[in-house]
Amino acid sequence: MAVNVDVAHSEAIAQALGRTTDATVDLRAKPRVHERLIKLALFLCGIVSVLTTIGIVVVLGRESIAFFTRTSWENTNKPIVTEVDEAMTTFEIGTSGAALEVGERIRLGDEVMRITSLDGTLMTVERALDGTSAQTHREGLSIETASSVSLREFFTNTKWAPQIGEFGVLPLLNSTLMISGIAMLVAIPLGLSAAIFMSEYASPRLRGIVKPLLEILAGVPTVVFGYFALTFMTPLLRAILGDGTVKIFNTASAGIVVGILIIPLISSMAEDALHAVPQSLREASYGLGATRLETSLKVVFPAALSGIIAALIVAVSRAIGETMIVAIAAGAGPNFTFNPFESAETMTGHIARISGGDLSYDSIDYNSIFAIGLTLFAMTLLLNLLSRQVIKRFREVY
Amino acid sequence: MRAQTTQPTTTYMPPDEVFRQRLAARNRRGLFSRILFYASVFTALLVLVILFLNVLNETFGTVAVQYEIPPETLTTAVTSLDELEKGDLVAILDEHVGRRFRVILRNALSQVPDEQYTTAPLRDVFNGKIFPAELGNHVIGDLEQHQLASILQSNLSQSQLRDLVMREVVVEEVVASWPLYDTLFNKDEIEAVTAEEYPEATLRFKSWINRDFLTTPMSSVPELAGIRTAILGTVYVILIVLAVSLPLGVGAAIYLEEYADDSRINRMIETNIRNLAGVPSIIYGMLGLAIFVRLLAALTSGAVFGVEDSNGRTIVSAALTLALLILPIIIINAQEALRAVPSTLREASFGLGATQWQTIWHTVLPSAIPGILTGTILAVSRAIGETAPLIVVGASTFIVTDPDGPFSKFTVLPIQIFQWTSRPEAEFRDIAAAAIIVLLLLMLAMNATAIILRNRYSVRY
């Protein structure tokens, strides 16, 4: 026989066969330890992504909490009129400087106090709080008040100026939304037209050329788009509208280029949605005498609407999170303005600028960018979840 | 049979004439919107073309250069420096450079680290170079000017010496530059402006992307700046990104495709990966800053491995951050590649008695590898272009020393581009454009590799 069984093996087999008469062969599955270990290792690889998410949430959350709970001391320029020794709890204060309120925490030198009553220029305090010790303070020393950033201030203050203790995210949020809005104005018509063109009008050959070309646009690094915005789009806008109207750094130019950046995203996702609409719907429409445009807009487009809306939401989320274009072309310095030709820093632009310098840990700047980051993360996450929900809930199944 | 009324009271079709008008209007609308659709696609592609032309426009152009000491005043005997003998060139250096001679010698020939240059014996300093053997135990400070000159003359070629003279004595300075468009179409204007504003300057065509640009480190003078450190930084970062994200990503994809049942935790992993793909890249930068740069500073600065004078803002931190950033993309791509392997292959393998891991390792992975590699290369090429997270993680904006390991400070190409773009001077825009071309070529090369891999090794079932 041609079967090649070596001696030792054939003996073992014979033995095994021989023994079947008095003992059964154990056919139960054997524990395979290394198979289990491999499975565990692969599972851990999958867990890394979960850890990443947890890491993002923890890091952003922790530093944001530190930002909202930290006290910084601000000089009120209000002096004490007489010298205050270690035992005094009531003393006279000057009339100049910012007003104080009962219950407020104040600081003189290194000592923290709390105001218990305030009678004109006569102030009564509780002394040596927060583990500080009572000290003698010289005449003319200014009082500092504790200030912390409340959530309300963060979301309603229209000024972001860390050096004077103003932390309102609105100017940053406003320019972010403005740039995203301009971007969508550019990207929605162009992106959807391109999608309808590729799905409904172009021959397979033409589509095979156009689609990869648009994907090249999607693959260009965003820093290159930023360069394009600053060296091409801004001069173009200035040439059309005049140097006086359009600043060198402006949100319009950044917004238009962000729009160009997300055209391929919209066109490719929307085209997938349009492509998935069954051919029979189109044929039925043509059979009723509809033109190609009517079929596209009144039959195919509504049928693919859930996918198209999801694409648009993802595109907005991408525009909000875009950093390099706005960091290069939209300008440095928060500015609460609705004029698209003025410079205004966005949330991402601010994070990039602040962290690009020599940032010391535990400074208010360090904490503040995480508070902005958390806002940004929450916005994009909500948009992404929303787009998934739209697809799930409103999807037409044929 | 009743006679039909010639004019029916109700009708579903308009009269012929009206119908024809409406049809014509509908067709006009169709044609009009068709033109609009074509125009949209054309606009998008036009922008792509303009984007590249804009970069090319700035990379090449005319520059007006002035010399500190014009080359023609250095020599009377011949017209060009190219025709001078080595000895004459060294003599020119000797005459004009003076005490900088030692620095020149160090840059050209030194074999020891810069800080040891003045203390190490010449035997070590010029190890492998030509120098008088009897001076082996001396240090550089002991040498006379003419000895330095002769060492230089015996080690460098004529063209190297000529470059030295150009760099150290002639010192070319770009006083104005014009982009390619003006060079081609406004030649007269350029000449007129130059004649008026820089009467001593000469005009010449310059490509900002050239060999010196690729091989010299950063400088604060745009004409002398290069991207050597940035290219090396990019290469280092990418190698580590690949080493970290490829095994992790493929492992996770195998788990999700081959092992995972429809349990809650597996669904959570799956959802989580899709969500991570939508997180803005700058958020990853903040994660990297808090975790890798700060929390794990002892590891990422290399302190536990005995590396000193470094903080957490190193190549490792940057690479780990980028690895996390592209991990979701790699996983999603690898999952698709694994899904494309037909289940008949797996069943055949199981039927032969193979275990699950044997099936994956010997049957599934070999068929999926081309797809996995293609997806990975595309993801890595995205990582090459990422700028925002690296700004946050703390890429250096100005370093002149090559990165010498995973724990050194670094800069990468996109950071350099960003840095130069942010400067107001026109010349910095020019070198930013040149760096963009290098970056795009690098990405093009990677994408081409991916496509070739896909076409060459992909198997159809």
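No hydrogens, no waters, no symmetry mates; every other heavy atom, side chains included, goes into these values. Computed from a predicted model, the values in this text were never measured in an experiment. Throughout, a chain's letter reflects where its sequence line sits, starting with A, and its residues are numbered from 1.
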Before giving the answer on side chain to side chain contact (heavy atoms under 4.5 Å, CB included), spell out for Leu376(A) and Ile282(B) the whole-Å C-alpha distance, their side-chain angles and the decisive distance to 0.1 Å. CA-CA 10 Å; Leu376(A) 184 70; Ile282(B) 194 162; 3.8 Å; yes
Sort Ala435(B) into side chain, backbone, both or neither according to what part of it lies under 4.5 angstrom from a heavy atom of chain A. neither
Using the side-chain contact (heavy atoms from CB on, under 4.5 Å) rule, pick out the option among Ile273(B), Asn272(B), Leu287(B) that qualifies with Thr53(A). Asn272(B)
Nearest heavy-atom contact between Ile269(B) and Ser49(A) is CG2-OG, 4.2 Å
Leading residue by heavy atom contact count with chain B [cutoff under 4.5 Å; candidates Ile216(A), Thr222(A), Ile263(A)]: Ile216(A)
Contacting region of Ile196(A) [heavy-atom separation from chain B under 4.5 Å]: side chain
Taking every heavy atom of Ala290(B) against every heavy atom of Val59(A), the minimum-distance pair comes out as CB-CG1, 3.3 Å
Contact class of Leu217(A) relative to chain B, heavy atoms under 4.5 angstrom: both
Chain A contact via Val293(B) - which portion, at a heavy-atom distance below 4.5 Å: both
Looking at Ile417(B), Leu51(B), Leu440(B), Leu327(B), which one has more heavy-atom pairs under 4.5 Å with chain A than the rest? Leu51(B)
Under a 4.0 Å N-O cut-off, is there an ion pair linking Glu200(A) with Arg34(B)? no
Nearest heavy-atom contact between Ala388(B) and Thr323(A) is CB-CB, 3.6 Å
For Phe42(B), which atoms come within 4.5 Å of any heavy atom of chain A: side chain, backbone, both, or neither? neither
How close do Gln358(B) and Glu35(A) get, heavy atom to heavy atom, and via which atoms? N-OE2, 3.9 Å
Tell me, out of Leu381(A), Leu44(A), Ile56(A), Ile320(A), who's got the most heavy-atom pairs with chain B below 4.5 Å. Ile56(A)
Measuring heavy-atom distances to chain B, does Ser317(A) have an atom under 4.5 Å in its side chain, in its backbone, in both, or in neither? side chain
What part of Ile265(B) gets within 4.5 angstrom of chain A, counting heavy atoms only: side chain, backbone, both, or neither? side chain
Under 3.5 Å, is there a donor-acceptor pair between the side chain of Asn54(B) and the main chain of Phe228(A)? no
Smallest separation among heavy atoms of Ala252(B) and Cys45(A), with atom names: N-CB, 3.4 Å
Relative to chain A, which segment of Pro414(B) carries a heavy atom at a distance below 4.5 Å: side chain, backbone, both, or neither? both
Interchain contact, Phe32(B) with chain A, by part (heavy-atom threshold 4.5 Å): neither
OH/Tyr38(B) to CG/Leu206(A) distance, rounded to the nearest 0.5 angstrom? 6.0 Å
Taking the side chain as everything from C-beta on, heavy atoms only, tell me whether Phe37(B) gets closer than 4.5 Å to Leu293(A). yes
Rounded to the nearest 0.5 Å, how far does CD of Glu294(A) lie from CZ of Arg29(B)? 6.5 Å
Does CZ in Arg20(B) sit with more than 12 non-hydrogen atoms of other residues, nucleotides or ligands closer than 6.0 Å? no
Part of Leu248(B) lying under 4.5 Å from any heavy atom of chain A: both
Got Ile283(B) and Leu60(A) here, is their nearest side-chain heavy-atom distance under 4.5 Å? yes
Closest-packed option against chain A by number of heavy-atom pairs under 4.5 Å, given Val392(B), Ile331(B), Ile360(B), Thr355(B): Thr355(B)
Atom group of Ile50(B) that falls short of 4.5 Å from chain A, counting heavy atoms: both
What part of Thr421(B) lies closer than 4.5 angstrom to a heavy atom of chain A: side chain, backbone, both or neither? both
Criterion side chain to side chain contact (heavy atoms under 4.5 Å, CB included) on Trp357(B) and Leu37(A), from CA distance to verdict: CA-CA 11 Å; Trp357(B) 177 246; Leu37(A) 283 179; over 6 Å; no
Per-residue contact mode, Val50(A) against chain B (heavy atom under 4.5 angstrom): both
Interface moiety of Arg318(A) toward chain B, non-hydrogen atoms closer than 4.5 Å: neither
If we only count heavy atoms from C-beta on, is the Val55(B) to Thr231(A) side-chain gap below 4.5 Å? no
Under 4.5 Å, counting heavy-atom pairs only, tell me which of Val223(A), Ile328(A), Val48(A) racks up the most with chain B. Val223(A)
Examine whether an atom of Tyr201(A) lies under 4.5 Å from a heavy atom of chain B, and if so say whether it belongs to the side chain, the backbone or both; otherwise answer neither. side chain
For Tyr366(A) and Arg294(B), what are the C-alpha separation, side-chain angles and deciding distance, and is it a side chain to side chain contact (heavy atoms under 4.5 Å, CB included)? CA-CA 12 Å; Tyr366(A) 181 81; Arg294(B) 229 187 128 183; 3.1 Å; yes
Name the member of Ile47(A), Thr291(A), Thr52(A) that forms the most heavy-atom pairs with chain B at distances under 4.5 Å. Thr52(A)
Which portion of Arg429(B) sits near chain A, non-hydrogen atoms under 4.5 angstrom: both
Pro221(A) vs Leu439(B) side-chain heavy atoms within contact, under 4.5 Å: yes
Per-residue tally against chain A (heavy atom, under 4.5 Å) across Ile254(B), Leu289(B), Asn447(B) peaks at Leu289(B)
Against chain A, label Leu276(B) side chain, backbone, both or neither, depending on which of its atoms sit under 4.5 Å from a heavy atom there. side chain
Do the ring centers of Phe43(A) and Tyr259(B) come within less than 6.0 Å of each other? no
So, do Ile391(B) and Met324(A) sit near enough that their side-chain heavy atoms are less than 4.5 Å apart? yes
Does a donor on one side chain sit under 3.5 Å from an acceptor on the other, for Arg388(A) and Asn275(B)? yes
Whatever's closer than 4.5 Å to a heavy atom in chain B on Leu190(A) counts as both
What part of Leu48(B) gets closer than 4.5 Å to chain A, counting heavy atoms only: side chain, backbone, both or neither? both
Answer key: most heavy-atom pairs under 4.5 Å with chain B among Val314(A), Ile369(A), Val210(A) is Ile369(A)
One option among Ala432(B), Ala395(B), Ala39(B), Ala433(B) has the most heavy-atom pairs under 4.5 Å with chain A, and it is Ala433(B)
Can you establish whether the number of heavy atoms outside Lys211(A) located under 6.0 Å from its atom NZ is more than 12? yes
Answer with side chain, backbone, both or neither: which region of Glu322(A) has an atom nearer than 4.5 Å to a non-hydrogen atom of chain B? neither
Of the listed Gly385(B), Gly285(B), Gly251(B), Gly30(B), the one with the largest count of heavy-atom pairs under 4.5 Å with chain A is Gly251(B)
Bottom line for Met286(B): the part with an atom under 4.5 Å from chain A's heavy atoms is both
Atom group of Pro247(B) that falls short of 4.5 Å from chain A, counting heavy atoms: backbone
